[in-house]
Amino acid sequence: MILDECRGAHEARCVQRNVLLQALEEELPRGTIRYSSKIVSIDQDTGSEAKILHLADGSMLRAKVLIGCDGINSVVAKWLGLAKPCDSGRRATRGHAKYPDGHGFQPKFMQFTGKGFRAGLVPCGGTDVYWFLTWSPACPGKDDVEQSATAMKQFVLTKLRSISAPPEVLDAVERSQMNDVLVAPLRYRPPLSLLLASISKGNVCVAGDALHPTTPDLAQGACAALEDAVVLARCLGDAIVGGDGRESVEAALHRYAGIRRWRSVQLIAASYMVGFLQQNEHAAVRFVRDKLLSGMLAKGLLMMPDYDCGTL
C-alpha cells in the first residue's frame, strides 16, 4: 500500500509481531534477551543509583539504567507516577487467517463501519490476512459476548453480515485463528496527563505502551514504540560517546522524554478522537462526521504516521 504524503511516497505494510520481534532479536548476541521476566516491584539500591528489580519468578536484577517497556500495565510507569490508563468504553477482538495457496486480496486496507462497531482487514504478505473488530458494549462495563472462540467468531460474523460485508471478508473470519485474548478493553493514558508527567526520573524512563498506551484506531502503537527506540538510542549514543558517566545518561533520558512527550500526546488524542468519531452512532456526531469531517478523518489517518523521528 503506497501513500503519497508530504515526504513523498511511503509504503504501509502489515507485519506480524512475532516476525518483527524475531528480526530484532537476530541482531543481538545470543542470550541478550531474558524472556518471561515480569517486573513485580522496584527498589532503590542502597549506596548507589541502581535499581533493584523484583521479578515474578522470585529472582532479582540490578539495573544501572532502567527503561520500562513493560506494556500498558507498566510497573515502571507506576513507579514514575504516570496516570493510570483509562477504559475508552470500547472493546476489540482480532483474528489472523492463513491461506497456504495465496489469499487473492489486493494490497489495500479495507474498513467497514456499522451501528456501534468498526471493522477492518489488511493483507500481511501473500498468504496471511489480519482483521479486527471494535465495538461499544450495549451495557457499559460489561462484555456482550461469551468468552469462547466459537461465540466470538459468530459475534463478528453477525456484525459483518448486518452491513452486507463481502463474502471474501466473511470467509477470512470463518477460517481465522482467534487471538489468545478474545476480548480486550481499549484503554489509553489521558493525553493531557503527559504534558507535565515525569516520563524520566534520574536513570529511569519508559517507552512503548508503558509511555503512550492508546486505542488502536491509528494503528500506530508498535510504530510509535519503534520511534521511541530510535530517539532513545540516539540520545543514549550521544551521551555515551561524548558524555561523562551517570549525569550524561540521566541528561540523555531527560532529552528523550522531552522529544517524545508531545508526539505521545498527539498520538493518544488523535487515535481516541478518530475511534470516537468513526464508531459513534449519536445522530449529531454521525451528521458532523459524515457531512463535515469525513475528509479530515481520512487525512488524519495518513498524517499521523507521516512522521520523521530522525536517524540513529
Side-chain angles (χ1 to χ4, degrees), residues 1-5 9-20 88 90-136 145 149 152-179 181-184 186 214-223 267 270-281 286 289-290 293-306:
M1 289 166 282
I2 305 299
L3 312 176
D4 290 306
E5 282 298 302
H10 294 272
E11 182 179 10
R13 178 173 295 200
C14 177
V15 179
Q16 294 182 51
R17 186 178 294 265
N18 64 319
V19 174
L20 174 60
S88 68
R90 299 163 58 210
R91 300 292 180 266
T93 189
R94 305 167 179 87
H96 173 215
K98 294 189 72 68
Y99 296 76
D101 300 320
H103 50 63
F105 285 98
Q106 294 296 311
K108 297 179 179 179
F109 171 59
M110 304 172 68
Q111 179 171 280
F112 310 92
T113 56
K115 188 173 182 180
F117 74 89
R118 176 172 170 249
L121 180 147
V122 63
C124 296
T127 59
D128 297 86
V129 169
Y130 164 80
W131 60 263
F132 69 87
L133 178 88
T134 66
W135 74 96
S136 300
V145 59
M152 178 53 65
K153 191 175 290 188
Q154 190 57 49
F155 176 79
V156 174
L157 289 169
T158 299
K159 291 287 189 184
L160 292 173
R161 287 177 180 135
S162 74
I163 56 169
S164 300
E168 60 269 25
V169 174
L170 299 177
D171 177 68
V173 176
E174 288 273 19
R175 67 165 65 212
S176 65
Q177 303 167 6
M178 300 299 291
N179 266 21
V181 180
L182 295 175
V183 181
L186 299 184
T214 179
T215 59
D217 302 286
L218 291 178
Q220 286 298 292
C223 298
L267 283 171
S271 188
Y272 178 86
M273 287 306 300
V274 166
F276 173 80
L277 289 171
Q278 288 193 335
Q279 196 171 304
N280 197 295
E281 286 301 307
R286 190 169 65 244
R289 177 191 66 210
D290 297 344
L293 296 180
S294 57
M296 186 182 298
L297 284 172
K299 188 175 182 180
L301 286 171
L302 299 179
M303 283 177 61
M304 292 307 294
D306 191 34

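Computed from a predicted structure; not experimentally measured.
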Give me the atom names and distance for the closest heavy-atom approach of [X] to [Y].
{"X": "V169", "Y": "M110", "answer": "CG2-CE, 3.8 Å"}
{"X": "I163", "Y": "G114", "answer": "CG2-CA, 3.8 Å"}
{"X": "R90", "Y": "G275", "answer": "NH1-CA, 3.7 Å"}
{"X": "A149", "Y": "L182", "answer": "N-CD1, 3.5 Å"}

>> Let me confirm one number: the CZ-OH distance from R175 to Y99, rounded to the nearest 0.5 Å.
In response: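 Answer rounded to 0.5 Å: 4.5 Å.
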Interatomic distance, CG@L133 vs NZ@K153, rounded to 0.5 Å, equals 14.0 Å
Does [X] have any side-chain contact (heavy atoms from CB on, under 4.5 Å) partners at least two apart in sequence or in another chain, and if so, which?
{"X": "R161", "result": "Q154, L157, L170, E174"}
{"X": "A270", "result": "L218, M304"}
{"X": "V19", "result": "Q16"}

Practice item. Take T214 and L267 through the side-chain contact (heavy atoms from CB on, under 4.5 Å) test and state the conclusion after the steps. Key: CA-CA 8 Å; T214 179; L267 283 171; 5.6 Å; no
Notebook entry, point to check: Does the side chain of V183 reach to within under 4.5 Å of the side chain of W135, using non-hydrogen atoms?
Noted result: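 A side-chain contact exists here, since the closest heavy-atom pair is under 4.5 Å.
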What side-chain donor-acceptor pairs closer than 3.5 Å can you find for residues 119-132, not counting sequence neighbours?
residue : atom : partner : partner atom : Å
D128    : OD2  : H96     : NE2          : 2.7
D128    : OD2  : K98     : NZ           : 2.8

Applying ring pair (Phe, Tyr, Trp, His ring centres under 6.0 Å) to Y272 and not counting sequence neighbours gives Y188
* To do: Under the side-chain contact (heavy atoms from CB on, under 4.5 Å) rule, what do F276 and D217 come out as? Steps first, then yes or no, please.
  => CA-CA 9 Å; F276 173 80; D217 302 286; over 6 Å; no
Contacts of E168 meeting salt bridge (charged side-chain N to carboxylate O under 4.0 Å, His left out) (sequence neighbours excluded), chain-then-number -> none
Practice prompt. Using side chain to side chain donor-acceptor pair (under 3.5 Å) as the criterion, list what pairs up with S88, not counting sequence neighbours.
Written response: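 Partners of S88 by the side chain to side chain donor-acceptor pair (under 3.5 Å) criterion come out as none, since no residue qualifies.
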